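Since we're looking at a predicted model, the values are computed, not measured. Throughout, protein chains are lettered first and strands after them, A, B, ... in sequence-line order, and every chain is numbered starting at 1.
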Amino acid sequence: MRRSRAFIPTSKEVPNDATLPSHIFLSRAGFISQVGAGLYNYMPLAKKVIKKIEHIINEEMQNAGAQEVELSFVTPADLWAESARIEKFGKELLRFRDRKENLFVLGPTHEEMMVNLVRNRVNSYKNLPLNLYQIKTKFRDEARPRFGLMRGREFIMKDGYSFHSSYKDLDREFDAMEAAYKKILTRLGLDFRVVEADSGAIGGSGSKELMVLADSGEDTIAVCSKCEYGANIEAAKRSKRGTIPEAPEAEFNKFLTPDTKTIDDLAQFFKVDPYYTVKCVAKRVIYEDVSEIVLFFVRGCDNLQEAKAINATEALDIVDVTEEELAEIGLVPGFIGPLDQDKAKHVIDSDLKNAANMICGANEKEYHFVGVDLGVISEVAYFADIAEVNEGDICPHCDGTLSFTKGIEVGHIFKLGTVYSEPLKAEFLDENGKAQPFIMGTYGMGVSRLVAAVIEQHHDENGCKWTKATAPYMVNIMVSNVKDEAQVALGEELYAKLQDANVEVMLDDRKERFGFKMKDAELIGFPYTVIIGKELAGGNVEIYERMSTQKTEVPADAVYEKLMEMM
RNA sequence: CGGGGUGUAGCUCAGUAUGGUUAGAGUACUUGGUUUGGGACCAAGGGGCCGAAGGUUCGAGUCCUUUCACCCCGACCA
């Protein structure tokens, strides 16, 4: 491509709403343009990058034995009613009616559609397993789209669905997909981590997220310093503490504790480590038809992890409650404890099971219990893992310590089981001629989000740094002065030669100054820019490597070989 | 969905408190010239329904009402 003919509207101006590097540079470098909230046009450069990512995904999916399909974007709302997700998904589902007044939704994900495609067409265990996928535009009417391609309403996703006759086979496929996804991200040149995740609204058991590591990531992940363990903070586990602070010694007693409503106050009042205090987090737990106040107890040094709390209560959602609401049902904010707690349902963090020498609220204003042994309620109370891990906690798999890092979720794989096949009555006949619902897995990967993720991980203050696998053009030939015939001639020659070698190459033949074209090349982020300029008089040109920002001088007649070698 | 903000040239934004020539700047674009190793300089140009609708007024970018869009913080987020 000749730069003079290319549609690449670059700009020095930053869009006023862009804060993330990927958003800023993809806009400035002429990859994307916004048309509405969370809606973007892909211009030629972005389209090329997307195709490259799709190509790699396709190759790895073929290798893994998955077959590509493409399902209708507009999907009948009936299907969504069958799985009951039309309510669950809520306003994120964009609904509309056709001229015959039939209700449709724009597909935000395609579990129902894929199950519908397969049911009644695959009837026998002999035809399983089956793995079908598509790469397609999705639409989610996000309450608040932001961060450019990172969180758009319309986005491109690879979504795959596998069908099995046994859980064992699902496990095998799940592992195969994890391996394939790792391969894809490795080929794309990304630094990533596979982490354990919360299954969220989609349901199912096993769930892993593929996180591209970047400071701007929206997810916090806990990673082990020694082993491979990594988990989304919503799902992260830990071992029991290794070093436990010295326990306060006290007989069980009720103690007057005026004005000590916070853990800090309490720990200071008794001069104990917050480890030995019990924190109460009161929440309103929402179910389909009803809601109620539930008390969550964790150690004073811990915090409640809401995703875990939702799982522990099987709730749809959890919201804050006010002190007034608590007072209404006879609870005393600041002095709520788990002993003799009959005012509200409660969940106690499993780390508190049989914990001794504890201090907790006495459910009476200005009083706390000291010397509490929670062993007395270990048989009757409901214990669950509801505490959020902290940095420095011990890894659940080894003796390493956990630290936090930020990640961009670019892939999520689930073991769905029969969550969709059952309500949608998608069944096959097993070896005994008995009808069984398909056992399913689902595997998503955000293609447009990957475009942004590459830049989040690879950029500097001057612009994009595409990896070799994702670059829209591998080589940019910059003719410094287009009035210099020798420079132009060499540029054209190299341009033709590289094209013949099937290298994707851009020839910057514009009548612009050196600085302008150089800034432009850095902004766009070609992995290699050949600078044909002043040094040509001495027989040399330069190769500018974007990733390292190193310039290397090479003889003009060797530049082709040198480039081929570098790539 | 709650709270806040902004809509004026392709883009970034002045101008709006106090209504009054022909609505501005920078940048981008066109033409000519000078320049040619880090987004150059000079000159001349083109480009606007001041988000939309209604109203007040002799007169509205500016005041009032309605509406739409976009953005920010939060909630939400397979």
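The pair Lys308(A)-Glu234(A) does not count as a salt bridge, with every side-chain nitrogen at least 4.0 angstrom from each carboxylate oxygen.
Contact between the side-chain N/O atoms of Gln487(A) and the OP1/OP2 oxygens of rU36(B) is not found at any separation under 4.0 Å.
Scanning atom types as modelled, no donor and acceptor separated by under 3.5 angstrom connect the side chain of Glu512(A) and the base of rG39(B). In the interface, the side chain of Lys534(A) is not paired with the base of rU36(B) through any donor and acceptor atom under 3.5 Å apart.
If you check every strand for non-hydrogen atoms under 4.0 Å, Lys517(A) touches nothing. The residue Glu209(A) sits apart from the nucleic acid: no heavy atom pair falls under 4.0 Å. In this structure, Asp159(A) reaches neither bases nor backbone, as no heavy-atom distance under 4.0 Å exists between it and the strands shown. At a threshold of 4.0 angstrom between heavy atoms, the contacts of Gly444(A) with the nucleic acid are absent.
Rounded to whole Å, atom C1' of rC1(B) lies 13 Å from atom CD of Glu92(A). Computed from coordinates, the Ile318(A) CD1 to rA75(B) C1' distance equals 14 Å when rounded to whole Å.
The side chain of Ala37(A) has rC70(B) as its nearest neighbour among rC72(B), rC70(B), rG37(B). Nearest to the side chain of Arg146(A), among rG37(B), rU35(B), rG74(B), sits rG74(B). Here rC1(B) is the nucleotide among rC1(B), rG39(B), rC76(B) with the atom lying nearest to any side-chain atom of Lys91(A).
Under a 3.5 Å cut-off, the side chain of Tyr229(A) and the backbone N or O of Lys237(A) do form a donor-acceptor pair.
Judged by Watson-Crick or G-U wobble contacts below 3.5 Å, the nucleotide rU34(B) has rA40(B) as its partner. Nucleotide rC29(B): paired with rG45(B) (Watson-Crick or G-U wobble, both distances less than 3.5 Å).
Under a cutoff of 6.0 Å and an axis angle of 45°, Lys138(A) and Phe155(A) do not form a cation-pi pair. With a 6.0 Å cutoff to the six-membered ring centre and a 45° limit on the axis angle, Lys48(A) counts as a cation-pi contact of Tyr473(A).
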